[in-house]
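Along the sequence shown, residues are numbered consecutively beginning with 1. This is a predicted model, so every value here is computed, not measured.
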Amino acid sequence: MERMTPQHACEALLLRIQALILQKGRVLAAIDGMASSGKTTLAAALAEAIPGCHVVHVDDFFLPAQRRADVRARLTANADLERLDADVLAPLCAGKDALFRPFRCHPEPAFLPPVRIPTDFQAVIVEGAYSLHPLLADRYDLGVVMTIGADTQRARIRARNGEAMLARFESEWIPLENRHIRVHRLLERCDVRIDVP
């Protein structure tokens, strides 16, 4: 496992992904980690620098309420990882196009129009908490985990989501994500760890 600072993570990961593309022809990567650590921002920066790169957000695979109790026991919170695997990762690993419908909760819960990822991709980056869950981990060529200091995390969530949502993050989502990271030993199993102070 390699540790990186945020200052040089994007450039270092870009070089690593490019090397994997030369070696394998294409790359499936995951960026997991703590809330507000910069997963989405890093994925977007990598996608901008890599031709033929697609980003898939775990947030697009929200779990319907009626299935949550069963899945929470497996430490996936509200993420429908079975659908993420069936619609995206399994087809891509089998040499087929991926086709999925992102889910949005607001303003009304709804599935958006289908998104297709063709087989001629250079890289696909799955970003979001639970992307390196054991249900999916074997699908990837590269696994990245991002951590963040508690004070910085709190400040970022407050600025982005407001005080009321910060309370919900702290009482519900952060403990679940931290438990996922701890129980599934992501910091030991990942290829790259990025620590945000």
Side-chain angles (χ1 to χ4, degrees), residues 1 3 6 9 29-45 55-89 100-112 115 125-140 143-190 192-197:
M1 185 263 297
R3 292 183 77 158
I31 304 175
D32 203 325
M34 299 169 71
S36 291
S37 56
K39 301 179 295 293
T40 305
T41 301
L42 177 59
V55 175
V56 177
H57 306 282
V58 175
D59 284 350
D60 287 340
F61 293 83
F62 190 77
L63 189 67
Q66 61 268 27
R67 291 183 50 204
R68 282 184 211 158
D70 167 60
V71 176
R72 275 178 187 258
R74 289 182 287 161
L75 306 183
T76 60
N78 297 331
D80 191 346
L81 300 187
E82 287 86 355
R83 187 168 77 88
L84 173 56
D85 190 42
D87 291 357
V88 178
L89 296 174
F100 67 96
R101 297 185 68 188
F103 186 84
R104 287 290 178 271
C105 297
H106 303 288
E108 295 292 331
F111 284 98
L112 301 182
V115 175
I125 300 170
V126 180
E127 73 81 21
Y130 310 103
S131 58
L132 279 172
H133 189 280
L135 289 169
L136 308 176
D138 290 344
R139 298 292 194 189
Y140 302 110
V144 179
V145 174
M146 300 187 71
T147 70
I148 186 169
D151 291 342
T152 307
Q153 182 183 51
R154 193 175 297 111
R156 286 185 178 185
I157 294 171
R158 182 183 288 113
R160 184 184 68 190
N161 302 100
E163 199 68 39
M165 287 300 289
L166 171 61
R168 188 167 182 190
F169 267 91
E170 292 186 316
S171 66
E172 184 177 352
W173 295 317
I174 290 173
L176 286 170
E177 291 172 3
N178 290 346
R179 187 171 63 147
H180 154 65
I181 292 169
R182 183 182 70 255
V183 171
H184 295 136
R185 300 173 54 243
L186 294 197
L187 298 181
E188 297 132 58
R189 290 176 37 241
C190 67
V192 175
R193 172 177 172 175
I194 301 169
D195 298 313
V196 180

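- To the nearest 0.5 Å, atom CZ of residue Arg3 and atom SG of residue Cys190 are 9.5 Å apart.
- Heavy atoms only, all atoms of each residue included: Gly33 and Ser37 are closest at C-OG, 4.3 Å.
- Separation of atoms CD (Glu127) and CG (Asp59) is listed at 6.5 Å; rounding is to 0.5 Å.
- Partners of Phe100 according to the ring pair (Phe, Tyr, Trp, His ring centres under 6.0 Å) rule, which considers only residues two or more places apart in sequence or in another chain, are Phe61.
- Between Phe169 and Pro175, the shortest heavy-atom contact is O-CD, 3.7 Å.
- Not a single side-chain contact (heavy atoms from CB on, under 4.5 Å) links Thr41 to another residue, sequence neighbours left out.
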Ignoring hydrogens and angles, write down the donor-acceptor pairs under 3.5 Å from the side chains of residues 157-165, residues two or more places apart or on other chains.
residue	atom	partner	partner atom	Å
Arg158	NE	Glu163	OE1	2.8
Arg160	NH2	Ser36	OG	3.3

**Request:** For side-chain contact (heavy atoms from CB on, under 4.5 Å), just list the numbers for Val144 and Arg193, CA-CA rounded to whole Å, side-chain angles, deciding distance to a tenth of an Å, and then say yes or no.
**Result:** CA-CA 6 Å; Val144 179; Arg193 172 177 172 175; over 6 Å; no
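- Taking the side chain as every heavy atom from C-beta outward, Asp85 and Glu82 never approach each other to under 4.5 Å.
- Between the NZ atom in Lys39 and the CD1 atom in Ile148 there is a gap of 8.5 Å [rounded to 0.5 Å].
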**Message:** Checking Phe103 against Arg83 for the side-chain contact (heavy atoms from CB on, under 4.5 Å) test, could you report, in this order, the C-alpha distance in whole Å, the side-chain angles of both residues, the deciding distance, and whether it holds?
**Reply:** CA-CA 11 Å; Phe103 186 84; Arg83 187 168 77 88; 4.1 Å; yes
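- A 4.5 Å side-chain heavy-atom check between Leu186 and Asp32 finds at least one atom pair inside the cut-off.
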**Asked** Should His133 and Leu84 be marked as a side-chain contact (heavy atoms from CB on, under 4.5 Å) after you check the CA-CA gap, both sets of side-chain angles, and the distance that decides it?
**Response** CA-CA 12 Å; His133 189 280; Leu84 173 56; over 6 Å; no
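- The CG atom of Asn178 lies 14.5 Å from the CH2 atom of Trp173; values are rounded to the nearest 0.5 Å.
- Here the side chain of Arg139 pairs no donor or acceptor atom with the backbone of Leu89 at under 3.5 angstrom.
- Contact detail for Ala79 and Val58: the closest heavy-atom pair is CB-CG1, 3.8 Å.
- The main-chain N or O of His184 is found under 3.5 Å from a side-chain atom of Arg189 such that the two form a donor-acceptor pair.
- Across all non-hydrogen atoms, the minimal contact from Asp80 to Phe62 is CB-O, 4.1 Å.
- In this structure, Met34 CE and His180 NE2 are separated by 11.5 Å, a value rounded to the nearest 0.5 Å.
- Within the 4.5 Å cutoff, the side chain of Glu177 has heavy atoms near those of the Tyr130 side chain.
- With rounding to the nearest 0.5 Å, the separation of CD1 in Ile125 from CG in Leu42 is 7.0 Å.
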